[in-house]
Protein chains: 2
Amino acid sequence: MTFGKYIREHREALKAEDRRFSVRQVAQRIGVEPAYLSKIERGDVAPPSEAKIRALANELNEDVDVLLAMAGKVSSDLQEIIRKRPQLFADLIRQLKSMPDHAILRIARDVRDGDW
Amino acid sequence: MTFGKYIREHREALKAEDRRFSVRQVAQRIGVEPAYLSKIERGDVAPPSEAKIRALANELNEDVDVLLAMAGKVSSDLQEIIRKRPQLFADLIRQLKSMPDHAILRIARDVRDGDW
DNA sequence: TGTCATGTGTACTATATAGTATACATTACG
DNA sequence: CGTAATGTATACTATATAGTACACATGACA
């Protein structure tokens, strides 16, 4: 599933219930030209900037990190966290590359609950 | 410490022991024009691409992730790992943002040793 | 003392990124 | 049935990124 198709599908789904989710109106609310959003949805151009993707995620109630990932990007706040302690995070992330989802989830939960 | 100054310092340190670490020769080995490396070291232009930073790290025996961080970048292999499971990694990394170094180190070690 | 290597100033350049602006045919509906 | 909204084709544009090419003054050293 490409970024564009995903956006189109989810926008159309919302549009079925609410006419305010037309290309034109969504485009206006996220601050781009309708023609541009149309091209994005059809994959005619590359996905937009992080800022526009955030606005889009907000508008369509989608997960920002998932949309950014589909657009081939990583959230700038995550990049900043990594850049502040590059070795620590680089090592950990590469370790986790081959771990199953549940293991990563468990670590996140343990960290959150302070289980150290 | 900026990227350029860091590179200059470390290159000059190596040059003191080995004349092959002149701007010109290093530039040639990493595949850029001498004038360009000179400008990079003086902060006259932005840091180079990830590929050139990798070549530079290799040449100067420096940690790639640290150099990339100084250049305001995050290694593309890390980005790819995150993009494959965006929610999982986004959550975990944001959890770890406020954790001390030793906690992150310990997680990495536990994962490596399979202490689950 | 001549020449060879060194660092750098200046002037370009190609490609990617991130869009805008306008016009037009089609569809919906009051 | 007319008009208003819709999606899209086409043609541009501005800025950033990632460098090259060449000339020149200075210093090293054989």
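Quick note on labels: first sequence line is chain A, next is B, and so on, each numbered from 1. Remember, it's a predicted structure, so these values are computed and weren't measured experimentally.
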Using heavy-atom distances to pick each residue's nearest nucleotide on DNA chain D, tell me which of B:P47 and A:S38 is more 5'. A:S38

Counting any heavy atom closer than 4.0 Å, what does B:Q25 reach on the DNA or RNA strands: base, sugar-phosphate only, or nothing? sugar-phosphate

Checking C:dT20, C:dG9, C:dA18 against the side chain of A:V32 (C-beta onward), the nearest is C:dT20

To the nearest angstrom, the CZ-C1' distance between B:R42 and C:dG7 comes to 8 Å

Close side-chain approach of A:L37 and A:E33, heavy atoms under 4.5 Å: no

Look at the side chain of A:S49 and decide which nucleotide, out of D:dA18, C:dA18, D:dT20, has an atom nearest to it. C:dA18

At under 4.0 Å between heavy atoms, what does B:R8 touch on the DNA or RNA strands: base, sugar-phosphate, or nothing? sugar-phosphate

Residue B:R42 excluded, over 12 heavy atoms near CZ under 6.0 Å: yes

Side-chain contact check for B:V23: nearest option of C:dG7, D:dA9, D:dT20 is C:dG7

Round to the nearest Å and state the distance from B:R19 atom CZ to C:dG7 atom C1'. 16 Å

Rounded to the nearest Å, what distance is computed from the OH atom of residue A:Y36 to the C1' atom of nucleotide C:dT17? 8 Å

Could you tell me the separation between the CD atom of B:E33 and the C1' atom of D:dA23, rounded to a whole number of Å? 13 Å

To the nearest angstrom, the CZ-P distance between B:R20 and C:dA5 comes to 16 Å

Taking only the side-chain nitrogens and oxygens of B:R24, find out if one of them lies under 4.0 Å from OP1 or OP2 of C:dG7. no

Considering just the side-chain nitrogens and oxygens of A:K73, establish if one lies under 4.0 Å of OP1 or OP2 belonging to C:dA18. yes

A:R109 CZ: over 12 foreign heavy atoms closer than 6.0 Å: yes

C:dG9 P sits how many Å from B:I40 CD1, rounded? 14 Å

In whole Å, what is the span from the NZ atom of A:K15 to the P atom of D:dA5? 14 Å

Mind checking A:V45 for me? I need base, sugar-phosphate or nothing, with any heavy atom below 4.0 Å counting as a touch. nothing

Can you tell me whether the side chain of B:K39 and the base of C:dT10 have a donor-acceptor pair closer than 3.5 Å? yes

Can A:R29 be said to sit on top of A:F21's aromatic six-ring, NZ or CZ under 6.0 Å from centre and within 45° of the ring axis? yes

Distance check: side-chain N/O of A:S22 vs OP1/OP2 of D:dA5, anything under 4.0 Å? no

Whole-Å distance separating the CZ atom of B:F21 from the C1' atom of C:dG7: 18 Å

Would you say D:dT17 has OP1 or OP2 under 4.0 Å from some side-chain N or O of B:K52? no

Can you confirm if the NZ or CZ of B:R94 lies within 45° of the ring axis of B:F89 and under 6.0 Å from the centre of its six-membered ring? no

